[in-house]
Protein chains: 2
Amino acid sequence: MKQRISIVELAKHLGLAVSTVSKAINDRGDVSDATKRRVLEAAEKLGFSPDPAGRRLRTQTSETIGFVLSPPQSHFAHPFFLDLLMGIDQGLSETPFQLIIVAARTLETELDSFRRLVERQRVDGVMFGRTRRDDPRIRYLQERNVPFVALGRSETGKPFPFVDIDRTVAGRNGTARFVGFGHRRIGLLSTPGYLMISRLLQEGYRAALKAAKLPFDADLVVETSNDEAGGLSGARQLLALGNPPTAIMCGHDLIATGAMQAIAETGRRPGVDIPVIGCDNHPLGPYLNPPLTTFSAPTLEAGRRMVELLLALMDGGSPEQLQDIWSPELILRSSHGGQLVAAAEV
Amino acid sequence: MKQRISIVELAKHLGLAVSTVSKAINDRGDVSDATKRRVLEAAEKLGFSPDPAGRRLRTQTSETIGFVLSPPQSHFAHPFFLDLLMGIDQGLSETPFQLIIVAARTLETELDSFRRLVERQRVDGVMFGRTRRDDPRIRYLQERNVPFVALGRSETGKPFPFVDIDRTVAGRNGTARFVGFGHRRIGLLSTPGYLMISRLLQEGYRAALKAAKLPFDADLVVETSNDEAGGLSGARQLLALGNPPTAIMCGHDLIATGAMQAIAETGRRPGVDIPVIGCDNHPLGPYLNPPLTTFSAPTLEAGRRMVELLLALMDGGSPEQLQDIWSPELILRSSHGGQLVAAAEV
DNA sequence: GTGAACTCCGAAATCGTTTTCGTGCGTAAG
DNA sequence: CTTACGCACGAAAACGATTTCGGAGTTCAC
């Protein structure tokens, strides 16, 4: 292990005072350009970089932001999550902050993860996703007054910063497209009801029905777990109806995958006899049979943006100004089917 | 923000010396059980927990281990990676260590990520995956003498701790199964050649051929990127051969997914006319058409084990003793096809 | 009763920074 | 020539923990 050099040794080497060296390195005032250059050069040559522990102790900051992985039920939609993480890391890479992550095992212990993060590790800020309509994490963080930014808005507490990829427009545009194709009974396979995205998706769905003067039938919307198994069982339930839907809008690509499976079970051709649309542009979508029509989710960009918002917040920005709502775009492949044949109507 | 309490205030509150309180909290000797209890209770009541910055400065340790995400080409097989991360976090959760992650953007800057981690952040240990046959990361870490454990062995440098899910057995057992079904020309779609898993997979493949006294045909193995697109183009290449394979073994489920697509393009039924086997048990495998036969990859457990190995290493363990090789198991679904019909032989 | 051995606790040094507050010096104004 | 002032740098005090070492007080053997 190459041995480390401390700032006092560097100062001694330069014949300068420690304080001067410190100021030079941090580019604070009160030091001439000449010595500043001299210090920087020596630091480079001797491989000096300030020990974070010392700095953190003195400045009373951890230079750390925490991300907590939601409990693994549904795994927070794998690729989605990974992209988000990379975006966050990219955003952080130009700052002195480091990203620490913890995984919550269950919904019950999730809050403990947050507590450990802020009370023990003393992170400077927090990020998380899968916001819920009523979200105890938000309440906790606001109560402790710790800066945070969420992926997805919520109905909880005071205003807070977030990036939201608007499920309302997915719900609205997806079902509107089905309506345009002549469908009159459109199923909705939504994520669990406590999630904010579920609420928004259903709002969009109802708005589209209303615009088309179509009746709302509660039997046609089922909330299910956010994965393939959920899509499978949810679609089975839908297809077992006396008057089953002729098209299905899904709250996630994984759900759509399961739904297509369920459709195939009944002997019908998924995406053809019963069209399907998903959400979040899962990378495997193009390889499904038929390729899955879905809505975009610029997750990497969302991660980067979340960092910007968090930094702005810690910089004194007001939460109301730090809320992004992005509209997902329809990605047409082929599972959305086409014009409904006349015979199939009624 | 609820205000923090430092150890001196706690000591004052108790009428004890700071040193005594510290010893009580860290359960070091030289303090009676009675006062130890008293201190712990007060700490609990007043919500005291030691400031990591102070401790780290004094103990000259960062209590931090770093994980670096491989460059996004192929995204390190999403769900695989997430499970690994959760395993690592679970392993770490009982220790004072925190997990910090950084994402390498490209192969070129990957080493810089490592350097930042050890030279600037001063992590106590490092983890990474996707080991390569010749791996500069390993060289760097061994040179700097920083403790690390890898996911996957390598041909680089001195012995080091790792957990390896043995691709050799996947390669061997997968092709052996095809052989058993009567196939004589078996394609191998492998991950990029510089990866260790690629090398091992091919070793297993050749071993199975040899055992069956089948000739090795270099045309039948193609190395390709570790994703669906790679599988697609690789399989196309294989199928365009004058004497194409009648079955394809794949180095990853994502590759298998692309391969099935390519097979379908030619009008043949993937998994039936041309059987396919993948690796790593991707969660979407059961939802492919037909469901994908694959090899298991207990990634969560691997993550947990990696933590154990790292801690053991930092505790003075010898690297040679800290190497796990796990055998993946065949997960039979249906894409492996069945008995080859006699007519297809030659 | 005395010395030794053993417990338990406290004073102070230390880890590597940043930051405040002087201090000396040179320069410009009067 | 004196005074005032700005500029560049240095001394020292934090930040919050751990650890070493020494010193009371107690117990025990002789």
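A quick note: this is a predicted structure, and the numbers were derived from the prediction, not measured. Lettering of chains follows the sequences in order, A, B, ..., and the numbering in each one begins at 1.
- When each of A:R28 and B:K23 is assigned the nucleotide of DNA chain C bearing its nearest heavy atom, the one mapping closer to the 5' terminus is B:K23.
- Side-chain atoms of A:R304 never come within 3.5 Å of backbone atoms of A:G87 as a donor-acceptor pair (strictly under, hydrogens ignored).
- The interatomic distance linking A:E9 (CD) with C:dT17 (P) rounds to 9 Å, in whole Å.
- The pair B:E119-B:R144 counts as a salt bridge, with a side-chain nitrogen and a carboxylate oxygen less than 4.0 angstrom apart.
- A:N26 has its CG atom 13 Å from the C1' atom of C:dG16, to the nearest Å.
- Separating the CG atom of A:D30 from the P atom of C:dG22 is a distance of 14 Å, rounded to the nearest angstrom.
- Ion pairing between B:E308 and B:R305 holds under the 4.0 Å rule for side-chain N and carboxylate O.
- Between C:dC9 and B:S32, a contact under 4.0 Å exists linking OP1 or OP2 to a side-chain N or O.
- Within residues 57-64 of chain A, the residues that have a heavy atom under 4.0 Å from DNA chain D are, in order of number, A:L57, A:R58, A:Q60.
- For the pair A:K12 NZ and C:dG16 P, the interatomic distance rounds to 12 Å; values are reported in whole Å.
- Summarising the geometry, the separation between CG on A:L16 and C1' on D:dA12 is reported as 17 Å, rounded to the nearest angstrom.
- Using a 4.0 Å heavy-atom cutoff across all strands shown, A:S6 reaches sugar-phosphate atoms only and no base atom.
- Contact check, B:T20 against C:dC8: no side-chain N or O comes under 4.0 Å of OP1 or OP2.
- A salt bridge links B:R55 with B:E63: the distance from a Lys NZ or Arg NE/NH1/NH2 to an Asp or Glu carboxylate oxygen falls below 4.0 Å.
- Remark: A:N226 CG to A:L195 CG distance equals 7.0 Å, nearest 0.5 Å.
- In this structure, the CD1 atom of A:I7 is 11 Å from the P atom of C:dT19, given to the nearest Å.
- Between its opening and closing five pairs, the helix from C:dG1-D:dC30 to C:dG30-D:dC1 changes axis direction by 50°, a value rounded to 10 degrees.
- Within the structure, every side-chain polar atom (N or O) of B:S22 is placed at least 4.0 Å from both OP1 and OP2 of D:dA17.
- Checked by atom type and distance alone, the side chain of B:E41 never pairs as donor or acceptor with a backbone atom of B:R38 at under 3.5 Å.
- The residues B:R4 and B:D51 are annotated as not salt-bridged, no charged nitrogen and carboxylate oxygen being separated by less than 4.0 angstrom.
- Along DNA chain C, the nucleotide nearest A:V8 and the nucleotide nearest B:T35 are compared for position; the residue whose nucleotide lies closer to the 5' end is B:T35.
- Residues A:D27 and A:K36 are paired through a salt bridge, judged by an N-O separation under 4.0 Å between the basic side chain and the carboxylate.
- For DNA chain D, none of the residues of residues 36-46 of chain A falls under the heavy-atom distance limit of 4.0 Å.
- No donor-acceptor pair closer than 3.5 Å links the side chain of B:T299 to the backbone N or O of B:L84.
- No salt bridge links A:D134 with A:R132; every basic N to acidic carboxylate O contact stays at or beyond 4.0 Å.
- The separation between B:D27 atom CG and D:dT19 atom P is 13 Å, rounded to whole Å.
- Distance A:R56 CZ to C:dC15 P: 20 Å, rounded to the nearest Å.
- A donor-acceptor distance shorter than 3.5 angstrom exists from the side chain of A:D89 to the backbone of B:A103, with no hydrogens or angles considered.
- Under the 3.5 Å distance criterion, the side-chain polar atoms of B:S62 are matched with a main-chain donor or acceptor of B:R122.
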